[in-house]
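Reviewing the structure listed below.
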Number of protein chains: 2
Amino acid sequence: MTAPSRKRATGRPTLADVAAAAGVSPITASRALRATRGVDEQLSARVREAAEALGYVPDPAARALASAHSSQVAVLIPLLSNALFVDLLEGVQRVLRPAGLQTLIGVTHYQPAEEEALLRSYLAHRPAGLLVTGFDRTAAARGLIERSRVPCVHLMETQAAGEAYAVGLSQDAAGAAMTEHLLARGRRRVAFVGAQLDPRVLQRLAGYRRVLQAHGLHDPGLELLDPAPSSIALGGVLLQRLLAARPDVDAIFFCNDDLAQGGLLAALKAGLAVPQRVAVAGFNDLAGSDQWLPPLTTIRTPRAEIGERAARMLLALLRGEAVDARQVDLGFELVVREST
Amino acid sequence: MTAPSRKRATGRPTLADVAAAAGVSPITASRALRATRGVDEQLSARVREAAEALGYVPDPAARALASAHSSQVAVLIPLLSNALFVDLLEGVQRVLRPAGLQTLIGVTHYQPAEEEALLRSYLAHRPAGLLVTGFDRTAAARGLIERSRVPCVHLMETQAAGEAYAVGLSQDAAGAAMTEHLLARGRRRVAFVGAQLDPRVLQRLAGYRRVLQAHGLHDPGLELLDPAPSSIALGGVLLQRLLAARPDVDAIFFCNDDLAQGGLLAALKAGLAVPQRVAVAGFNDLAGSDQWLPPLTTIRTPRAEIGERAARMLLALLRGEAVDARQVDLGFELVVREST
DNA sequence: CTGAAAGCGCTTACAG
DNA sequence: CTGAAAGCGCTTACAG
């Protein structure tokens with residue numbers, strides 16, 4: 001009888017097996033493999049060899065149960081169908097995976113209620129950390145995060161962060177910068193076309209307003225806001241709607257590149273000269289915007305870097321290291337192409 | 001002293017608390033909450049009330065450890081930056097979430113080695129189920145899946161499934177259908193432009209070849225294959241390269257919409273009349289393709305349905321229910337617009 | 001239909 | 001630096 005019939009065993013080697021093979025106690029094996037505290041280097045090496053030889057893989061469930069912390073980080077984003085958030089996720093995973101942390105992706109569809117439900121479900125898993133988008137959530141969700149005491153870093157925005165950890169950029173400043181650019185190009189009737197109307201779009205809008213007001217050029221009739229989700233198709237529709245209402249418009253600041261791309265296609269279709277007749281700008285610098293007709297002027301946002309930096313901040317928090325700045329503003333870049 | 005100082009307790013109510021409140025044993029409480037076997041309806045109701053009153057949330061780690069199965073399903077896809085896979089995921093989550101299963105998303109970047117590493121890491125979590133893309137993986141990865149005995153459904157392809165569970169469409173037939181369409185439009189020098197060159201692209205290529213060969217029109221010089229990742233920019237580049245090499249081409253079948261969109265933009269830029277001078281077709285019917293200039297002829301793939309159907313098949317397997325068909329072909333739709 | 005016992009595979013907290 | 005004991009919060013397998 002080589003294998004004693006342990007009734008419920010899974011067949012996978014356990015820490016006890018590794019410990020036995022290395023001739024140490026399970027706790028010592030545990031400590032050696034986690035490199036947690038001073039374990040004699042010789043013993044440590046023996047344990048690692050034994051683990052290697054047996055093909056030992058720690059059981060995350062047992063680990064989570066015993067330590068009250070899983071090795072998963074929950075990330076909540078509004079949408080997966082927006083390249084912006086995909087880039088953000090790639091940045092996050094690039095940092096988290098090498099650190100042995102898994103990413104649990106939750107998609108909120110811009111619905112606070114959905115986010116709250118996801119939070120409940122994910123918090124039950126006692127994630128090691130939490131990454132959430134922006135600050136716009138239900139009071140209940142905020143309470144859940146706080147009471148869970150799980151370290152949490154906020155993504156994309158830095159405004160209104162208060163004491164919270166956050167990595168992002170000033171959406172307001174970026175909106176202002178684009179508006180300044182359009183004015184510098186000699187435009188005077190600058191429209192803002194927004195969809196989805198999530199907090200970040202509204203912050204860009206605030207920047208746009210501030211600049212126009214400062215120049216005495218703000219005209220509420222040039223703001224076109226639609227709560228529908230952004231898309232190329234909607235960009236075309238909104239361009240038409242705006243032109244019908246305000247044929248005198250000489251520049252359009254679309255709140256993101258999807259809309260702007262659709263706007264440009266619609267302009268081409270309608271024979272509307274861009275930028276001669278009307279300048280067109282976007283936001284985010286998504287893939288393809290540089291290939292457009294004409295190439296699109298936009299704001300490049302460092303979303304991959306935001307993801308990486310936020311993940312590194314979270315790692316620091318998990319390790320109990322000091323975080324020098326609770327809020328990190330990674331800025332943006334105005335990319336001027338032929339559409340303005 | 002109300003709260004006895006249980007040293008390592010988390011403060012959250014446990015199954016024992018619920019059982020005590022309901023006046024039953026923990027096992028009965030467990031069974032009542034899982035609705036697993038005949039528990040007296042009265043007791044069951046009492047347990048559910050107690051759980052509700054205490055705000056009890058089962059600990060997934062404890063559950064996983066005791067049952068040897070987590071409530072997570074690992075999904076491996078090549079890329080998140082392709083809308084195709086995002087739609088697939090949405091379909092999967094739409095079915096899995098209501099069933100109480102969480103989705104663990106792994107991105108392989110089309111690298112079999114990366115997929116194998118992800119598989120190792122995810123399998124350590126003893127997922128309840130596995131959803132993987134296609135059949136192109138390392139032998140080691142195949143072995144891992146098999147030995148894990150975790151139910152696995154394959155996505156997107158049905159070809160070469162053998163005994164495996166799979167939900168998808170015949171990429172080959174879709175490639176053939178598009179080629180037939182171009183021939184029916186009177187085109188005779190039909191090019192195939194492919195990038196990434198993953199198995200599904202090659203299957204579309206096979207369909208294309210088969211049809212052209214049947215018509216005696218196959219010309220290897222009209223196949224342009226580039227292993228680089230697909231993008232709008234690459235579509236433009238490949239269009240130029242093809243035209244330079246074969247100015248006589250009268251139709252171009254791009255292996256996906258990203259490339260085709262870029263090809264159309266480049267054609268516009270170059271003043272190349274589409275479809276008069278050359279017809280252009282894509283694959284997948286991504287967002288925006290209907291808004292293009294001209295609107296793009298393409299193949300609509302039912303990826304959301306594939307995700308849903310695969311998830312439902314997985315649920316059936318988890319419940320030990322019979323699955324009538326191991327392979328499900330959900331077909332495709334030829335969408336003819338003005339570009340051909 | 002219900003339950004007492006044992007166990008899942010780890011780590012914490014306490015000693016030495 | 002190392003370890004024996006206890007425990008994390010559930011479910012399985014066996015009785016009755």
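A, B, ... follow the sequence lines: proteins, then strands. Residue 1 opens every chain. What you see is a predicted model, and the numbers here were worked out from it, not measured in a lab. Both backbone and side-chain heavy atoms feed into the values below; hydrogens, waters and symmetry mates do not.
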Can you tell me the distance, in whole Å, between the [atom1] atom of [X] and the [atom2] atom of [N]?
{"X": "B/Leu33", "N": "D/dG9", "atom1": "CG", "atom2": "P", "answer": "16 Å"}
{"X": "B/Arg46", "N": "C/dT2", "atom1": "CZ", "atom2": "C1'", "answer": "12 Å"}
{"X": "A/Leu15", "N": "D/dG3", "atom1": "CG", "atom2": "P", "answer": "12 Å"}
{"X": "B/Asp40", "N": "C/dG3", "atom1": "CG", "atom2": "P", "answer": "11 Å"}
{"X": "B/Leu65", "N": "D/dG7", "atom1": "CG", "atom2": "P", "answer": "17 Å"}
{"X": "A/Leu43", "N": "D/dC1", "atom1": "CG", "atom2": "P", "answer": "11 Å"}
{"X": "A/Ile27", "N": "C/dT12", "atom1": "CD1", "atom2": "C1'", "answer": "11 Å"}
{"X": "B/His125", "N": "C/dC10", "atom1": "NE2", "atom2": "P", "answer": "13 Å"}

Is the phosphate of [N], meaning OP1 or OP2, less than 4.0 Å from a side-chain N or O of [X]?
{"X": "B/Ser25", "N": "C/dG3", "result": "yes"}
{"X": "A/Thr28", "N": "D/dG3", "result": "yes"}
{"X": "B/Ser30", "N": "D/dC10", "result": "no"}
{"X": "A/Arg34", "N": "C/dT11", "result": "yes"}

By nearest atom, which of the nucleotides [options] is closest to the [X] side chain?
{"X": "A/Arg63", "options": "C/dT11, D/dC10, D/dG3", "value": "C/dT11"}
{"X": "A/Ala62", "options": "C/dC1, C/dC10, D/dG9", "value": "C/dC10"}
{"X": "A/Asp59", "options": "C/dT11, C/dC1, C/dC10", "value": "C/dC10"}

Give none if D/dA4 has no partner; otherwise give the nucleotide forming a Watson-Crick or G-U wobble pair with it, both distances under 3.5 Å.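 Pair assignment: D/dA4 / none.
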Mind checking who D/dA13 pairs with, Watson-Crick or G-U wobble, both distances under 3.5 Å?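 Base-paired to nothing in any strand shown.
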Output yes when A/Glu52 and A/Arg48 qualify as a salt bridge under the 4.0 Å nitrogen-oxygen rule, no when they do not.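 Looking at A/Arg48 together with A/Glu52, the answer is no, because their closest N to O distance does not fall below 4.0 Å.
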Verdict with reasoning, B/Ser71 to A/His125, per side chain to side chain contact (heavy atoms under 4.5 Å, CB included): CA-CA 10 Å; B/Ser71 54; A/His125 283 258; 4.2 Å; yes
With distance as the sole criterion, do the side chain of A/Arg31 and the base of D/dG3 form a donor-acceptor contact below 3.5 Å?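 Flag set: donor-acceptor pair detected.
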Side-chain H-bond candidate by donor/acceptor type, A/Gln72 with B/Gln102, under 3.5 Å: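 No, because no side-chain N or O of A/Gln72 sits under 3.5 Å from a partner of the opposite role on B/Gln102.
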List the steps and the verdict of salt bridge (Lys or Arg N to Asp or Glu O under 4.0 Å) for A/Arg200 and A/Glu157. CA-CA 8 Å; A/Arg200 289 166 294 288; A/Glu157 301 175 43; 2.8 Å; yes
When B/Leu89 is tested against each of B/Leu131, B/Ile105, B/Leu155 for side-chain contact (heavy atoms from CB on, under 4.5 Å), which residue passes?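 Looking at B/Leu131, B/Ile105, B/Leu155, the match for B/Leu89 under the side-chain contact (heavy atoms from CB on, under 4.5 Å) is B/Ile105.
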